[in-house]
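This report concerns only the one structure given below.
So that the names make sense, note that chain A is the first sequence line, chain B the second, and so on, each numbered from 1.
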Protein chains: 2
Amino acid sequence: MSPAPRAGELRWDIIELLFFAYRDFVGDADHELEAFGFGRAHHRVMHFVHRYPGLKVADLLDVLRITKQSLGRVLKQLLDEGYIVQKTGNNDRRQRLLYATAKGEALVGKLAGLQTDRINRAMQDIDTAGQEVLRQFLRAMIDRDDPDKVLETIFGSGKKPRE
Amino acid sequence: MSPAPRAGELRWDIIELLFFAYRDFVGDADHELEAFGFGRAHHRVMHFVHRYPGLKVADLLDVLRITKQSLGRVLKQLLDEGYIVQKTGNNDRRQRLLYATAKGEALVGKLAGLQTDRINRAMQDIDTAGQEVLRQFLRAMIDRDDPDKVLETIFGSGKKPRE
DNA sequence: AAGATATGTCAACATGACTGACATAAATTT
DNA sequence: AAATTTATGTCAGTCATGTTGACATATCTT
């Protein structure tokens with residue numbers, strides 16, 4: 001009845017640190033995106049298309065976990081403005097494989113640069129072993145049931161999509 | 001020894017891990033919130049009111065970095081449904097100090113329990129030193145210029161707001 | 001008494017989610 | 001060959017949560 005759930009056991013500190021850390025982490029990109037008239041949705045699409053060239057629309061929907069209607073608007077803008085191109089699939093001509101253009105790569109790189117600066121700053125006093133603990137933690141925070149194509153790459157072979 | 005990236009290299013791996021880890025982390029709460037007809041906005045408000053009892057409305061606006069109009073709708077629902085109560089400030093009777101009710105604490109505790117389960121799972125193979133590295137990293141990811149009242153508490157004295 | 005501050009509220013609007021329905025082209029199955 | 005399924009795109013409407021601007025009220029400060 002009186003729940004008093006597990007008063008001493010709750011990880012309030014980590015929960016809060018994750019909130020603030022992620023807020024400021026995405027804030028770096030948000031600021032820059034304004035200048036382009038884009039939002040977070042555009043960033044996420046650009047990021048994964050750049051990192052996993054030739055991604056199918058269906059794969060992207062899986063990764064982002066949004067509906068095709070929602071993706072449609074954002075993707076259309078990125079196509080119209082020349083940040084992404086589509087190529088018809090070789091085996092299956094219904095598929096539209098997605099690739100970042102040079103313009104798209106430049107944008108994604110700029111945003112990743114800002115976020116990398118923050119990460120490097122936060123890691124500067126952490127040795128190599130500590131950095132590996134960090135990766136281990138972040139990977140273990142991610143659901144592994146029903147992984148999408150990107151997570152399969154991240155977890156499956158350790159093979160990296162780009163250098 | 002994973003090669004520490006040379007200057008100029010981008011931290012694609014960490015950027016991506018943060019995206020997926022945070023998505024699944026907040027996903028735990030999102031799912032549960034649906035049953036209450038609430039969203040993330042309600043969760044954030046409940047969390048900080050619970051953790052920092054007697055928080056002023058203005059402080060909450062600072063922490064959440066949203067406008068009072070946006071907060072207003074969410075806060076009104078939480079007040080109407082009895083998850084939060086307001087008390088007039090002692091020194092300054094214009095202030096409305098916010099407190100979680102038992103009902104509110106139960107909800108926040110439940111959500112924190114779900115997230116704590118995930119954190120514990122992710123930390124199970126990490127020793128105490130590693131866990132401290134983790135906290136250090138997350139703290140270093142947060143902007144420290146212009147800290148709000150909550151961040152002052154987190155950074156300022158190390159004094160914890162609750163057990 | 002006048003002004004500043006803390007809060008609340010009305011109205012309008014933007015973004016990025018959602019559901020449901022339907023269209024087209026291409027692949028697959030019968 | 002015809003029927004069905006799949007991959008994608010699109011129209012229309014809704015919802016949640018953010019925004020700006022204007023204004024009201026109570027209370028504190030000067």
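Note: CG (A:Leu98) to C1' (D:dT8) measures 11 Å, nearest angstrom. When rounded to the nearest whole Å, the span between CD1 of A:Ile66 and P of C:dT15 equals 16 Å. If you measure from atom CG of A:Asp62 to atom P of D:dA7, you get 11 Å, rounded to the nearest angstrom. Here the P atom of nucleotide D:dT20 and the CG atom of B:Leu61 are 12 Å apart, to the nearest Å. Atoms NZ (A:Lys76) and C1' (C:dG16) sit 17 Å apart, rounded to a whole Å. Counting to the nearest Å, the P atom of C:dC18 and the CG atom of A:Leu64 are 10 Å from each other. For B:Arg40 and C:dC18, the CZ to C1' distance is 14 Å, given to the nearest whole Å. Here D:dG9 presents its P atom at 15 Å from CD of A:Gln77, a figure rounded to the nearest Å.
Here CG of A:Leu71 is found 5.0 Å from CG of A:Leu75. Values are rounded to the nearest 0.5 Å.
Under the 3.5 Å distance criterion, the side-chain polar atoms of A:Gln131 are matched with a main-chain donor or acceptor of A:Ile126. Proximity of a side-chain donor or acceptor of B:Gln115 to a complementary backbone N or O of B:Phe25 within less than 3.5 Å is detected.
Nearest to the side-chain atoms of A:Lys68 among the listed nucleotides C:dA17, C:dA4, D:dG9 stands D:dG9. Side chain of A:Ser70, nearest nucleotide from D:dT8, C:dC18, C:dT7: C:dC18. When distances run from any side-chain atom of A:Ala41 to the nucleotides D:dC23, C:dA21, C:dG16, the shortest one goes to C:dG16.
For B:Thr67, a side-chain nitrogen or oxygen approaches OP1 or OP2 of D:dT19 to under 4.0 Å. For the pair A:Gln69 and D:dA12, the criterion of a side-chain N or O lying under 4.0 Å from OP1 or OP2 is not met. One finds a side-chain N or O of B:Arg93 lying less than 4.0 angstrom from the OP1 or OP2 phosphate oxygen of D:dT27. For A:Gln86 and D:dG9, the shortest distance from a side-chain N or O to OP1 or OP2 is below 4.0 Å.
Just one residue in the list A:Arg51, A:Arg139, A:Arg135 forms a salt bridge (Lys or Arg N to Asp or Glu O under 4.0 Å) with B:Asp13, and that residue is A:Arg135.
A continuous path of Ile, Leu, Val, Met, Phe, Trp and Tyr side chains, each step under 4.5 Å between heavy atoms, connects A:Leu79 with A:Leu107, placing both in one hydrophobic cluster.
For the pair A:Arg96 and A:His42, nearest-nucleotide mapping onto DNA chain C gives the more 5' position to A:His42. In terms of position on DNA chain C, the residue among A:Asp92 and A:Arg65 whose nearest nucleotide sits closer to the 5' end is A:Arg65.
Counting any heavy atom pair closer than 4.0 Å across all strands shown, A:Gly72 reaches no nucleic acid atom.
In the interface, the side chain of A:Arg73 is not paired with the base of D:dG9 through any donor and acceptor atom under 3.5 Å apart.
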